[in-house]
Structures are given as C-alpha cells and as structure tokens.
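Throughout, a chain's letter reflects where its sequence line sits, starting with A, and its residues are numbered from 1. Note that the structure is predicted; figures quoted are calculated from it, not measured.
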Number of protein chains: 2
Amino acid sequence: MKSAKTVLRQYLKNNGLLASKQREQVLNVFLKTEKHLTVDDLYELVRKKNPRIGLATVYRAMRVICDAGLAREADFGDGSKRFEHKYKHQHHHHLVCLKCGRVIEVMSPEIEKLQQKLTKKHNFTPVRDTMKIFGTCRKCKRKGE
Amino acid sequence: MKSAKTVLRQYLKNNGLLASKQREQVLNVFLKTEKHLTVDDLYELVRKKNPRIGLATVYRAMRVICDAGLAREADFGDGSKRFEHKYKHQHHHHLVCLKCGRVIEVMSPEIEKLQQKLTKKHNFTPVRDTMKIFGTCRKCKRKGE
DNA sequence: ACAACAATTGACCATAATTCTCAATCTCAT
DNA sequence: ATGAGATTGAGAATTATGGTCAATTGTTGT
Ligand SMILES: [Mn+2]
Ligand SMILES: [Mn+2]
Ligand SMILES: [Zn+2]
Ligand SMILES: [Zn+2]
C-alpha cells in the first residue's frame with residue numbers, strides 16, 4: 001500500500017500542482033498526530049520546523065490534502081474546522097464531551113447498514129456522512145459528583 | 001398541549017426575562033415556516049412586519065427561543081447556523097443534497113437504539129446528537145443525466 | 001395609572017475563522 | 001539552466017456572530 005506522501009505526490013502530479021516544500025511539511029505534522037487538530041494547531045506545529053510559513057499556506061495545504069483523500073474535515077461545533085486522517089483509517093463517528101472536549105471515536109457497521117437502507121429508500125446517493133453525539137464523558141461524569 | 005407562544009412566555013417569566021414585542025415577532029416568523037432558516041433569513045422576514053428591528057436582536061431572540069426548547073440549531077456546513085423546530089416535532093436526521101441544497105428529513109428508531117447502545121458501552125451520557133448524510137438527491141440524480 | 005427599576009433594543013464596533021490579492025519566489029518539464 | 005506557470009507570505013477583505021452602551025421598553029408594586 002502506498003504511503004501517504006506518495007499519494008499526495010501522485011495527486012499533485014495528476015492535477016498539475018507542484019510538490020512544494022510547505023505542502024510536505026504540513027502533511028508531515030498532520031501525519032504525526034492522531035488528534036483532531038485545527039488549522040491553527042497545525043500552523044503552530046509546522047512553525048517549529050519552518051518558522052517562515054504563512055497561516056494561509058497551511059489552510060491551502062490542508063485543502064489539497066483533503067482533496068487528495070488523505071484527510072477529512074470534522075466539525076465539533078467549537079467554531080473552527082478540524083482535520084482527521086482518512087487514509088488507512090476506517091470510517092467512524094464521534095462522541096463529543098461537552099464538559100472537557102474529549103472526542104471518542106466509535107464504529108458501528110450496524111448503523112452504516114441502516115444508513116444505506118435510509119438513502120436507498122429516498123433514492124439518495126450518499127457521498128459522505130457524519131454522526132456526532134454530544135454529552136458527558138465517563139471521566140467527567142465521575143468528577144461531576 | 002401548550003402553544004409555542006405560551007412556552008416562550010413561561011420560559012421568559014421563569015428566568016426573569018421580558019416578553020418584548022421583538023421576541024414575539026421573531027417567534028412568529030420562525031413558527032410560520034418548516035424550513036431550515038438562517039438568522040439572516042429570519043431577519044429579512046421579520047423586517048416585513050417590523051422594518052426597524054436590528055439583526056443583533058434576531059440573533060438574541062433565536063438564542064432565547066432555543067433555550068426555551070422551541071428551536072434547535074442545525075448546521076449543514078454552508079457557513080451559517082440554521083434553525084429548525086423542536087417543539088411538537090420529533091427528532092430526526094438529515095439528507096443534504098450537495099447539488100441543490102435540498103434537505104430531506106428522515107427518522108430511524110433503529111438508529112436511535114444503536115446510538116443508545118453505543119453510548120452505554122462507553123459510559124457516555126448523551127445530551128443531543130446529529131447525523132447528516134451528504135450526497136445527491138433523487139431529483140438532481142435524474143437531471144444529472 | 002404611575003413611577004422605579006431592570007431588561008432590551010438598535011446602531012455600531014469587535015472578534016475570529018477563513019479566503020483573497022498580488023508581487024516575489026519556487027517547481028519542474030524541457 | 002531556463003521559462004511558463006504554480007505557490008508563497010503578508011496583509012487586506014470577508015463573513016458570521018457577539019459585545020457595548022445610551023436610549024427605550026416591560027414589569028411590578030403602589
Ligand atoms: Mn475522528
Ligand atoms: Mn430538520
Ligand atoms: Zn469529559
Ligand atoms: Zn438535489
């Protein structure tokens with residue numbers, strides 16, 4: 001299986017885009033984490049390697065990385081977009097703690113099945129889906145009393 | 001069953017808030033539609049009745065209306081919050097057409113069950129949840145070729 | 001009905017995330 | 001190495017939303 005870097009390189013070439021140093025740097029910091037980071041988080045991380053990089057460049061790089069199929073946007077309703085891995089990671093949903101912000105990843109093939117059933121019934125062609133459950137996590141429940 | 005207006009009035013009284021003319025006007029236009037409207041949509045509608053109302057007032061009114069349990073926020077990823085009915089309307093999910101923007105409301109008690117199972121397994125206390133499937137709707141599929 | 005007090009409004013400013021602009025710089029096929 | 005075209009970085013622009021505050025309104029007790 002191709003490495004993420006190779007996937008990006010190929011995507012760039014196939015679309016007449018250039019393999020800039022910045023794009024690779026952004027991809028590198030993105031690959032190093034399994035967290036759900038904002039553009040600003042990633043910006044701060046890339047700056048450690050390349051202090052001259054611009055914030056707009058990180059925005060642009062993440063869009064390309066998404067288009068290449070390596071990342072996916074995730075929105076937890078806190079005001080900024082976040083990114084998570086898409087390549088070599090299976091599709092999942094999120095439990096989001098309203099108290100501490102923790103995000104728990106969950107999978108459910110049964111729900112996927114029911115989603116298919118739903119879209120078929122409405123003759124709707126699904127492209128992507130998202131499910132989030134907001135509430136209180138195990139840890140915060142214990143602390144809360 | 002109490003009317004939405006009564007629910008709002010009671011919520012206001014119970015919380016030391018005033019029943020202003022503007023809050024009732026915003027509630028009225030919100031109640032008249034079953035669509036998913038933005039604050040700006042609602043602003044334009046209220047202006048027909050009260051051209052002197054301010055945009056910030058509509059923002060503030062919709063927050064109160066949500067807090068009172070009459071409306072719920074819905075985000076379809078197009079840059080602005082939307083609002084939908086919560087009172088006298090059962091919980092549902094959305095199919096969002098990426099071509100025409102149409103939003104189809106769907107219900108699935110089976111999915112709700114599986115969600116419960118998921119949260120229980122993680123000892124997570126759910127407060128609210130949202131599921132959206134993005135794709136191409138029936139009509140756009142036909143037109144598309 | 002009225003006065004007193006607190007809440008609300010509307011106009012405008014502030015903020016924050018994201019995108020745009022453009023001259024300078026970089027990439028890459030030749 | 002070179003030139004055409006893509007990208008970058010800095011800063012301005014945009015957009016949704018929230019904050020400020022003096023003027024106004026709603027409520028409550030008289
Ligand atoms: Mn995730
Ligand atoms: Mn709805
Ligand atoms: Zn928590
Ligand atoms: Zn459509």
d(CD, A/Gln25; P, C/dT27) in whole Å: 10 Å
Test item: side-chain donor near acceptor, B/Glu84 and B/His94, under 3.5 Å: yes
Can you tell me if A/Arg63 and A/Tyr59 form a side-chain donor-acceptor pair at under 3.5 Å? no
Just the rounded figure in Å: distance from P of D/dT8 to CD of A/Glu24. 12 Å
Separation of atom CG in B/Asp75 from atom P in D/dA16, rounded to whole Å: 13 Å
Set out, in order, the CA-CA distance, both residues' side-chain angles and the distance that settles side-chain contact (heavy atoms from CB on, under 4.5 Å) for A/Thr130 and B/Phe134, then state yes or no. CA-CA 9 Å; A/Thr130 160; B/Phe134 296 88; 3.9 Å; yes
Base-contact (B) and sugar-phosphate-only (S) positions in nucleotides 1-12 of chain C, heavy-atom cut-off under 4.0 Å, - elsewhere: ------SSBB--
Length of the line joining B/Phe76:CZ and D/dA16:P, which is rounded to integer Å: 17 Å
From CG (A/Leu70) to OH (A/Tyr11), nearest 0.5 Å: 10.0 Å
Would you mind reading off the distance between B/Lys13 atom NZ and D/dT27 atom P, rounded to a whole angstrom? 8 Å
Take atom CG of A/Asn14 and atom C1' of C/dC28, then tell me their distance rounded to the nearest Å. 15 Å
For A/Gln90, I'd like to know if atom CD has over 12 heavy atoms of other residues, nucleotides or ligands within 6.0 Å. no
Does the ring center of A/His93 lie less than 6.0 Å from the ring center of A/His91? yes
Side-chain N or O of B/Tyr59 versus OP1/OP2 of D/dG18: is the shortest distance under 4.0 Å? no
Write down the distance between CZ (A/Arg63) and P (C/dT18), rounded to a whole number of angstrom. 11 Å
In whole angstrom, give the distance that lies between atom NZ of B/Lys81 and atom C1' of C/dA16. 14 Å
